[in-house]
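Report on the following structure.
Because the structure is predicted, anything quoted here is derived from the model rather than measured. Sequence lines set the chain letters: A, B, ... in the order given, protein chains first and strands last, and positions in each chain run from 1.
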There are 2 protein chains.
Amino acid sequence: MATIKDVAKLAKVSPSTASRAMHDNPAISQKTKLRVWKAMESLHYAPDFNAQSLANKRSNAVGVILPVDHHEIFTNPFFLKVLRGISEACYHAQTMVNLATGSSQAELLNSIDIMVTQGMIRRFIVLYSEKDDPILTKLRQLNAQYVMIGKPYQLVNETPYVDNDNILAGSDAAQFLVDHGHQNICFVYNDLKKMVQNDRMLGYQRVMMDNGLLINSFELPAKEYPGGRQLIVQYLTQHPEITAFITVDDMLGLRIQQVLKSSTVVENRDVSIIGFNNSVFSEAAHPALTSVEIFPRRLGNEAAKIAVSLQNEEHLSTKLIVPHQIIERHSVVTM
Amino acid sequence: MATIKDVAKLAKVSPSTASRAMHDNPAISQKTKLRVWKAMESLHYAPDFNAQSLANKRSNAVGVILPVDHHEIFTNPFFLKVLRGISEACYHAQTMVNLATGSSQAELLNSIDIMVTQGMIRRFIVLYSEKDDPILTKLRQLNAQYVMIGKPYQLVNETPYVDNDNILAGSDAAQFLVDHGHQNICFVYNDLKKMVQNDRMLGYQRVMMDNGLLINSFELPAKEYPGGRQLIVQYLTQHPEITAFITVDDMLGLRIQQVLKSSTVVENRDVSIIGFNNSVFSEAAHPALTSVEIFPRRLGNEAAKIAVSLQNEEHLSTKLIVPHQIIERHSVVTM
DNA sequence: ATTGTTAATGCAACCGGTTGCAAAAAGATT
DNA sequence: AATCTTTTTGCAACCGGTTGCATTAACAAT
C-alpha cells in the first residue's frame, strides 16, 4: 500500500503539501495540486482509514442502530431492506458502516458509547423511532449526530430524519377502506411507543372522525407472539360489527387472516384487511394482502446520504418524506 | 477521554510499560501490572480503536458480507436473524461489526478491497456460500481471513465455517414426507449454486434413492419473482403424480401454497409442503407451513465467535454444525 | 564486595496521516 | 535594487497507541 509519503516523494513535495493538495486546500497552488493528484492516481493511493481517523479525531464511518428485539419478533424484513439502502449510499460516499452491537438495551447503550469514545464514530442512523428512547439520550449526551428513520418524538425540529408521511399513509389506508364501503374499521397495532404506529393511528383516526365513524383499536402486543390467537378470536367475537382491519404491519394482518380462516368460532366472517410494509409474504398469502408499500430501501438510502453529510457541530435538521403507495391486492373487498 | 499516557503517569511508569501491562505481557512484573491495572480502572481507560489499529496494522473489527441481492428478493428475514447473532457475539468480544457495502457484485468487491487495504480489516464473515464466488477469491487474494455461514464449495477443509448439516436436513425433510406416506416428492429450489440448496437437494436425493423413489426437482428461479405463477401451474399440471414438495425456503413453499389455493386449474389437489427456515410468515399461512428450523441466530453467533478468534496467518479450520429441527405444523398430511 | 545473569523498565522510533506556524518563493511597489 | 506583500511550501509536533533494543534493577554466585 502506498502512503502519503510515497505520493509526496513522487510529486516532489512534502507530505503536508500532499495532504493539503489531496483535500483541495486553497493554500496549495493549482500546479502542485495537479502534480500531487497525478501521483496519487498513479500509485492508486487511498488514505488509511485509521490513520485519518486518529489524526482528525473523527472517523468517517456511520453507526447503524437497529432496535433491540425482545422477543425474536422483529426479524422483520423491513430492516434488512433499509440496511440495503444504507449500504448502497455508503458505498458511494466511501463511508464505512458500523453496526451497533448487543442484544439488550443496556448492551446497545454500551456499544454506542464505545463506538463514540473509542472508535470516534460520531454519526449514526437510528432505524426506528419510539417515544422516550434512552438511545437518543445517550447519543445526545455523547454529542453524536444522528439521523432517524421515522419521525422523532422529541426535538422534531432539531433532528434530521427521513420518514414516510405516516399520518397520511394511515389516512390513505383508512380512506381506502371507507371508499370500499367499510364503516366499522379497526386499527391494529403492536406498540404505540413506536412513532410509525402512532402516526398511522392518528391518520386513521382523522379519517374516521371526518366520516363520522367510530374509532376502534386493538393492541396485539409483541409479547403475545406467536400466540395471540386467543386475543384475536376474542376481539372478533366481541366486535361482530367490524368489517375491516388496518394493521400496522403485514404480519399482524396475516395473523388475523389466519385466525379468520382457521377458527371455527369466527368462520364465514368476511373481513377485509390492509397492512403496511408490503412484505414479500403478504403477496403469497391467500387472499393476497393489500398493503401499503413504504419503500424501505429508499428510506435507508436517503437516511444514509444525510448521515454522511452531517457536519460536525452543526444542527441542520433536514427532513425528507418518502412517498408511500397502496398496493392493491385481494384482501379488501367492497361492502 | 483518558489516554495511555494518563494511565502511565498515574501508575508512575512509562507508556510502553503501561501498554505491555495492559496486554499482560510477561516481561512486566506482577507488581507493576497491578498498579497499571488499577490506574486503568480508576481512569476508565479504554484504548482508542483507531490508534490501536494503526499501530498494530490490523483492526479488530470483523467485516460482514451479505449476498448481493439482484432482484430485491432476498430480503429474507434469515439474514437479519444471523446479523442479530453476530451482533451479540461481537458485543461480548468487544469487536466492531463492519458491513461490506455496495449493491452490485462489483461494488461489493471494491468495498471489501477498501475495508482490507484502507481499514485494515482482516476478518470477515460471509453470510452465504455459493459455488465459484468471486468474493472468496478476492478475500484470499487480499490475504484476509474469513468464516463462512454455509459449507464452502472449495477448500472445504481449509475454510472455517458454521453450517447446519444441510444434507441431513434435506434427508430428514424427505424422510418426514416418506413417513407420511408420500412417494412422489418434488424438490423445489432457487439456485443450485447456493450450497445450502445443493446440500438439501443431495439429502433429498439420498432418501429417495434409498426408498426406490423417483427424483423430481423444480427450479423456480429468482428472476421469476414475483411471477412464477405460470411456472408453478405448469409444473403441477404436468406432474399430476406429485403429492408433496420440499422447498428450499419457506417463501417458495408459500408461493406454491398460494397457487394451489387460488388457481382453478389445479383446484382440489391435496399437496403437502415442507419448507426451510421456519420464517414467521410460514406460521401465519393457512395451513401453517411445516418447516425446518435452522437456528440462524445461532449460526451467526457461532460464526462471529470463530471470526473474532481467527489468528493472523494461521489457517485453523474450525467447523461447527448447528442442529436443525422440523417444526411440524399443518401443511403435511398423511397419504 | 565484585562480577555475571536474568528480570523489569524506559527510550525513541514508528504506524500514516493532519495542521500551526515559520520560512521560502513569487510578485508588487517604490 | 531594495523592501514589502502575498502566496505557496515545508518543518516539526501531534493524534494514541506499539515494540526493538538498550538500560537499569534485582538477584545469584564467586
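Taken from CD1 in A/Ile112 to CD in A/Gln141, the straight-line distance is 10.5 Å, to the nearest 0.5 Å. Taken to the nearest 0.5 Å, the CD1 atom of A/Ile306 stands 9.0 Å off from the NZ atom of A/Lys319. Note that CZ of A/Arg84 is 7.0 Å distant from CZ of A/Arg297, once rounded to the nearest 0.5 Å.
For the pair B/Ala55 and B/Gln30, nearest-nucleotide mapping onto DNA chain C gives the more 5' position to B/Gln30. Nearest-nucleotide mapping onto DNA chain C: of B/Arg35 and A/Lys5, the residue sitting toward the 5' end is B/Arg35.
Taking atom CD1 of residue A/Ile4 and atom P of nucleotide D/dG10, one finds them 13 Å apart after rounding to whole Å. Taking atom NZ on A/Lys12 and atom C1' on D/dG10, their separation rounds to 16 Å, with Å as the unit. Spacing between atom CG of A/Leu54 and atom C1' of D/dT18 amounts to 13 Å, rounded to whole angstrom units. Taking atom CG of A/Asn50 as the reference point, atom C1' of D/dC15 lies 12 Å away to the nearest angstrom. Going from atom CG of B/Leu34 over to atom C1' of C/dA8 covers 15 Å, rounded to whole Å. Between B/Asn25 atom CG and C/dA8 atom C1' there is a gap of 10 Å when expressed in whole angstrom units. For the pair A/Asp48 CG and D/dC15 P, the interatomic distance rounds to 18 Å; values are reported in whole Å. Atom C1' of nucleotide C/dC15 and atom CD of B/Gln118 are separated by 16 Å, given to the nearest angstrom.
The phosphate of C/dA8 (OP1 or OP2) has no side-chain N or O of B/Lys33 nearer than 4.0 angstrom. For A/Thr32 and D/dT9, the shortest distance from a side-chain N or O to OP1 or OP2 is below 4.0 Å. Regarding contacts with the backbone of D/dT18, a side-chain N or O of B/Ser19 is found under 4.0 angstrom from either OP1 or OP2. Distances shorter than 4.0 Å separate none of the side-chain N or O atoms of B/Ser53 from OP1 or OP2 on D/dG17. Between A/Thr17 and D/dT9, a side-chain N or O to OP1/OP2 separation shorter than 4.0 Å is absent.
Residue contacts shown for B/Ser16 include a base, since a base heavy atom lies under 4.0 Å away. Among the heavy atoms of the strands, none lies under 4.0 Å from B/Phe49. When heavy atoms are screened at a 4.0 angstrom cut-off, A/Met22 is found touching the sugar-phosphate backbone but no base atom.
Which of D/dT19, C/dT18, D/dG17 sits closest to the side chain of B/Gln52 comes down to D/dG17. In this structure, of D/dT18, C/dT18, D/dG17, it is D/dT18 that holds the atom nearest to the side chain of B/His23. Closest contact between the side chain of A/Asn56 and the listed nucleotides C/dG17, D/dT19, C/dT19 involves C/dT19. Counting only heavy atoms from C-beta on, A/Ala51 has its side chain closest to C/dG17 among D/dT9, C/dC15, C/dG17. Across C/dT18, D/dT19, D/dC11, the shortest atom-to-atom separation from the side chain of A/Ser14 is found for D/dC11. When the nucleotides D/dT19, D/dG16, C/dG20 are ranked by their closest atom to the side chain of A/Arg20, C/dG20 comes out on top. Between C/dG16, D/dG17, C/dG10, one nucleotide has an atom nearer to the side chain of B/Val13 than all others, and that is C/dG10.
Counting heavy-atom neighbours within 6.0 Å of B/Lys9 NZ, excluding the residue itself, gives a total of 12 or less.
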| request: Please step through salt bridge (charged side-chain N to carboxylate O under 4.0 Å, His left out) for the pair A/Asp132 and A/Lys193, ending with a clear verdict. | output: CA-CA 8 Å; A/Asp132 306 317; A/Lys193 285 180 79 179; 5.6 Å; no
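B/Leu299 has its side chain within reach of B/Phe78: a pair of non-hydrogen atoms, C-beta onward, lies under 4.5 Å apart.
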